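Here the structure is a predicted model, which is why all the values come from computation and not from measurement.
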Amino acid sequence: MTETLATTSGHAADDCPDYPMARAQGCLLDPSPGLRALQEQTPLTKVRLWDGSTPWLVTRHADQRALLADKRISADSSRDGYPHQSPATKARRNQARSFIAMDDPEHARLRKMVTGAFTVRGTQGLIPAIQRITDELIEAMLAGPKPADLVEAFALPLPSLVICEMLGVPYADHDFFQCNSKQLISRSTTPDQAREAQGALLDYLEDLVGRKLETPGNDLLSKVATEQVGPGNLTQRELATMGVLLLVAGHETTANMIALGTYALLTHPGQLAAVRDASTSGDDKLVSQAVEELLRFLTITQTGRRRVATDDIEIAGQTIKAGDAVIMAGEIGNRDPAVFPDPDTLDVAREGRRHIAFGFGVHQCLGQPLARAELQVVYGTLYRRIPTLALAAATEDIPFKADGLVYGVHELPVTW
């Protein structure tokens, strides 16, 4: 179809702004000014993606929560019209699809197999190990040269060690899975590179699952393998697909939050002092609030929650038609002044738990209790242990991840 399509927001398809939108230079912790303008102008508008498709973009917090909880909105990435982030993500999801890209009942059936390990209660038992790993990495960084790259010395290895211990993946293989993970979450990766990286991870984890079936250990992959793999249930390849999701999401997101959150605090010294003082005095409540505020303020999932409508939906004065693609731009939803007063100010004392950094509804992030536990230990330890921590590079020289599905910094030079 080559004719120009008119959208109900009043824009012709040819006039739709491109999405994702670039952040403003000098304001790299803030969402794109274009997103702020759209949020102020209209609740929903059409945007143009890499493939020329024009999904609805939802920018307001209340509308995002309503749609994410709506059963008429599908997360199934195999549906026609699903708004893939890039050619690479489309290729790898066609190759192997994890349960986060499925709908109930299949989504619920597969997710239930691993939910127990990621409950608040389940992750509480991991806190001593998280604290031990945090302390050991800080000791190693303090004993090494400075300046140091906080990403390589601390932010990346910490959640990698934790998720490896949980899943039963040898940490000695971290270079392999971190390298392939980076390919999967970059929007500049080609489809062939994405399929190759995912295939390598699937083969690796399928082999690991096979070994765990023969000699089970006290880890999550062993538990699911021995309980669920067999005729009429999971194949080893299907469990490997789940393992790729847990391994990649389990270290990439938290690693970026540790580094980017530290950058945010180092560039907001009053907020850093509040977190450091709270951790020194044992004020766990303020440290917990700081975690929630940084999750809200940064919202590192920077390409939106992607869905397809399965029925007509009336919302905010607009009609989303069955088959329409929908994107919830969480980074601007979490800066909605209707919900968060003075939203562009980082305030670690804010009661910001209403954020949607982990999504909302049945597909909200499975690993959020683990991420919170890791971040509370990190933010409650790092600045207390290294009270003079400071950037070792000019802010304009910090390399940000503009091309990723997850926002962060490639490097964070620090000294003390």
Side-chain angles (χ1 to χ4, degrees), residues 74-78 92-93 95-130 132-133 159-174 176-178 180-181 184 198-254 358-359 361-374:
S74 172
D76 185 351
S77 65
S78 67
R92 66 179 174 83
R93 280 182 169 162
Q95 179 187 31
R97 191 163 50 103
S98 64
F99 60 78
I100 63 168
M102 300 177 182
D103 292 331
D104 289 343
E106 191 67 359
H107 159 261
R109 182 183 77 86
L110 294 172
R111 180 177 173 130
K112 186 177 180 181
M113 294 179 185
V114 293
T115 297
F118 292 96
T119 61
V120 173
R121 185 175 181 180
T123 55
Q124 287 301 300
L126 293 171
I127 289 179
I130 297 170
R132 170 182 53 80
I133 292 168
S160 299
L161 283 160
V162 173
I163 198 65
C164 282
E165 194 165 310
M166 280 189 72
L167 295 179
V169 173
Y171 181 70
D173 297 331
H174 68 278
F176 163 78
F177 66 74
Q178 287 170 356
N180 284 289
S181 295
L184 296 185
Q198 182 165 262
L201 287 168
L202 286 168
D203 290 345
Y204 169 80
L205 283 163
E206 185 174 11
D207 177 71
L208 185 60
V209 167
R211 285 185 274 134
K212 290 184 181 298
L213 284 168
E214 295 176 0
T215 312
N218 186 28
D219 57 73
L220 183 57
L221 283 180
S222 291
K223 181 178 185 295
V224 179
T226 55
E227 293 178 358
Q228 304 292 344
V229 171
N233 208 344
L234 285 183
T235 65
Q236 289 182 212
R237 193 69 167 185
E238 288 171 332
L239 179 51
T241 302
M242 292 174 62
V244 170
L245 167 66
L246 298 175
L247 183 60
V248 174
H251 78 273
E252 281 287 355
T253 51
T254 306
F358 292 117
V362 297
H363 281 88
Q364 64 184 298
C365 176
L366 171 72
Q368 61 181 291
L370 175 61
R372 284 189 166 105
E374 290 173 322

Look only at the side chain of [X] and the backbone of [Y], and say whether a donor-acceptor pair between them is shorter than 3.5 Å.
{"X": "Glu252", "Y": "Ala249", "answer": "no"}
{"X": "Gln368", "Y": "Phe358", "answer": "no"}
{"X": "His251", "Y": "Leu161", "answer": "no"}
{"X": "Lys212", "Y": "Asp219", "answer": "no"}

Return the minimal non-hydrogen interatomic distance between [X] and [Y], and the atom names on each side.
{"X": "Ala117", "Y": "Met166", "answer": "O-CE, 3.7 Å"}
{"X": "Ala75", "Y": "His363", "answer": "CB-NE2, 3.6 Å"}
{"X": "Ile127", "Y": "Ala373", "answer": "CG1-CB, 4.3 Å"}
{"X": "Gly217", "Y": "Ser222", "answer": "N-OG, 2.9 Å"}
{"X": "Phe118", "Y": "Gly367", "answer": "CD2-CA, 4.0 Å"}

May I ask you to test the [X]-[Y] pair for a side-chain heavy-atom distance under 4.5 Å?
{"X": "Leu110", "Y": "Leu234", "result": "yes"}
{"X": "Ile100", "Y": "Arg111", "result": "no"}
{"X": "Pro159", "Y": "Thr253", "result": "no"}
{"X": "Asp76", "Y": "Arg97", "result": "yes"}
{"X": "Asn233", "Y": "Met113", "result": "yes"}
{"X": "Leu239", "Y": "Gln228", "result": "no"}

Give the C-alpha distance, both sets of side-chain angles, the deciding distance and a yes or no for side-chain contact (heavy atoms from CB on, under 4.5 Å) between Leu201 and Leu184.
-> CA-CA 10 Å; Leu201 287 168; Leu184 296 185; 3.7 Å; yes

With sequence neighbours excluded, tell me which residues meet side-chain contact (heavy atoms from CB on, under 4.5 Å) with Ala200.
-> Phe176, Asn180

Validation: residues 241-248 side-chain donor-acceptor distances under 3.5 Å, sequence neighbours left out:
from: Thr241; atom 1: OG1; to: Arg237; atom 2: O; distance (Å): 3.0

Worked check of side-chain contact (heavy atoms from CB on, under 4.5 Å) between Ile163 and Leu370 | CA-CA 9 Å; Ile163 198 65; Leu370 175 61; 4.3 Å; yes

Derivation and outcome, side-chain contact (heavy atoms from CB on, under 4.5 Å), residues Thr115 and Leu366 | CA-CA 7 Å; Thr115 297; Leu366 171 72; 4.0 Å; yes

From [atom1] ([X]) to [atom2] ([Y]), nearest 0.5 Å:
{"X": "Gln236", "Y": "Leu208", "atom1": "CD", "atom2": "CG", "result": "10.5 Å"}
{"X": "Glu214", "Y": "Thr226", "atom1": "CD", "atom2": "OG1", "result": "13.5 Å"}
{"X": "Ser74", "Y": "Met102", "atom1": "OG", "atom2": "CE", "result": "11.5 Å"}

Give the intermediate values and the outcome of side-chain hydrogen bond (donor to acceptor under 3.5 Å, both in side chains) for residues Glu374 and Thr254.
-> CA-CA 8 Å; Glu374 290 173 322; Thr254 306; 3.3 Å; yes

Given the rule in the salt bridge (charged side-chain N to carboxylate O under 4.0 Å, His left out) test, do Glu106 and Arg109 qualify, once you have shown the distances and angles that lead to the verdict?
-> CA-CA 5 Å; Glu106 191 67 359; Arg109 182 183 77 86; 2.8 Å; yes

May I ask you to decide if the ring planes of His174 and Phe177 are parallel, tilted or perpendicular, using 30° and 60° as cut-offs?
->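 If you compare the ring of His174 with that of Phe177, the planes turn out perpendicular.
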
